[in-house]
Amino acid sequence: ALPISWQDLFVLTVLGGKHNGRYLEVGGHVPIDNNNTCLLHREFGWNGVTLELDPAHFPLWRDHRPESCFLIADALAVDYAQALPLWFGDAVRRLDYPQLDIDPSTNTLAVLKRLPLDTWRFSVITFETDAYTGDMRARDESRKILAAHGYVPVARDVCVLFPPVSPQPIPFEDWWVDPAVVAPEIISTFQRINASTMKVS
């Protein structure tokens, strides 16, 4: 996973500083540094489920975020249509924030395809495309899938400065929102900022 790009602050901004939200973190890695849900969980009362394939990270989560629901699991093998109601309840089929970030990006795309997009809604989605690698398959197909389900991109090709990979900012993620819950003026503001700074189409 690349260094954090303030996804947590983005989520809070577009959702009006929401407290007690719910997240699905696909690709948890470490619990605090460069983690997209730590601030949400600790300071804003959010709860959710974190999926991580590598069991080596379990002691870190046990020691530093013991109250979090951290599951060692293959995200590609989860039946999300069955799991989401078990994890979050079946009364309201909306999740505030799924973070989709596993390697390679084609696996992240595979997780997106396994989500019950026809029966659940997601307020804010951050999808790691790893476009900087030159492999655009996950980026391009995820954009078609999410747009077809009514989601709006507010930041395409979000970049991060990561010197071990490149001395220049590199595009690695797309940020999406559900226009049913995010105000139009917030969407247009982010889109204007994104359009003025985009370097990669």
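Residues A75 and Y80 approach most closely at O-OH, 2.7 Å, considering heavy atoms.
When the shell of 6.0 Å around CD of E67 is examined, it contains more than 12 heavy atoms from other residues, nucleotides or ligands.
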Which is it for D135 and D130 under the side chain to side chain contact (heavy atoms under 4.5 Å, CB included) test, yes or no, and what are the steps along the way? CA-CA 8 Å; D135 185 346; D130 288 339; over 6 Å; no

Side chain to side chain contact (heavy atoms under 4.5 Å, CB included) between Y23 and L95: does it pass, once the steps are laid out? CA-CA 6 Å; Y23 62 82; L95 191 60; 5.9 Å; no

Just do the side chain to side chain contact (heavy atoms under 4.5 Å, CB included) check on R143 and L146 with the steps written out, would you? CA-CA 5 Å; R143 288 179 176 181; L146 290 169; over 6 Å; no

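In summary, D140 and R137 do not engage in a salt bridge, as defined by a charged side-chain N under 4.0 Å from a carboxylate O. Taking 4.0 Å as the cut-off between side-chain N and carboxylate O, D174 and R156 do not count as a salt-bridged pair. Between R114 and D74 there is no salt bridge, since none of the side-chain N atoms of the basic residue sits less than 4.0 Å from a carboxylate O of the acidic one.
Between F58 and D63 there is no side-chain heavy-atom pair separated by less than 4.5 Å. Side-chain contact between V111 and L76: present, with at least one pair of heavy atoms (C-beta onward) separated by less than 4.5 Å. For the pair T126/W176, no side-chain contact is recorded, criterion being any heavy-atom separation below 4.5 Å from C-beta on. In this structure, the side chains of Y151 and I125 come closer than 4.5 Å at one or more pairs of heavy atoms. With contacts defined as side-chain heavy-atom distances shorter than 4.5 Å, the pair L53/I102 does not qualify. The closest side-chain heavy-atom distance from R94 to D178 is below 4.5 Å. In this structure, P179 and V152 have side chains that are in contact, with non-hydrogen atoms separated by less than 4.5 Å. Residues L12 and L39 have side chains in contact (heavy-atom distance under 4.5 Å, counting atoms from C-beta outward).
No hydrogens or angles considered: nothing links the side chains of Y97 and T37 as a donor-acceptor pair under 3.5 Å. Side chains of N35 and E25: a donor on one and an acceptor on the other come within 3.5 Å. No side-chain N or O of Q99 forms a donor-acceptor pair with one of E128 less than 3.5 Å apart. In this structure, a donor-acceptor pair under 3.5 Å is absent between the side chains of S105 and R139.
Using a 4.5 Å cut-off between side-chain heavy atoms of Ile, Leu, Val, Met, Phe, Trp and Tyr, with links allowed through other members, F122 and V14 fall into different hydrophobic clusters. Linking Ile, Leu, Val, Met, Phe, Trp and Tyr residues whenever their side-chain heavy atoms come within less than 4.5 Å leaves V181 and W120 in two separate clusters.
Going from atom NE2 of H41 over to atom SG of C69 covers 10.0 Å, rounded to the nearest 0.5 Å. In this structure, CD1 in I32 is found 9.0 Å from CH2 in W61, a value given to the nearest 0.5 Å. The CG atom of L84 sits 10.0 Å away from the CG atom of D90 when rounded to the nearest 0.5 Å.
A donor-acceptor distance shorter than 3.5 angstrom exists from the side chain of Q191 to the backbone of P153, with no hydrogens or angles considered. Judged by distance alone, with hydrogens and angles left aside, the side-chain atoms of D96 form a donor-acceptor pair with the main-chain N or O of R22 at under 3.5 Å. Side chain of H64 to main chain of P31: no donor-acceptor pair is present (N/O by atom type, distance under 3.5 Å, no hydrogens or angles).
Relative orientation of the H29 and H57 rings is perpendicular, given thresholds of 30° and 60° on the angle between their planes.
The side chain to side chain contact (heavy atoms under 4.5 Å, CB included) test with V154 is passed by exactly one of T189, V177, I193: V177.
Residues W175 and F10 bring their aromatic ring centres within 6.0 Å.
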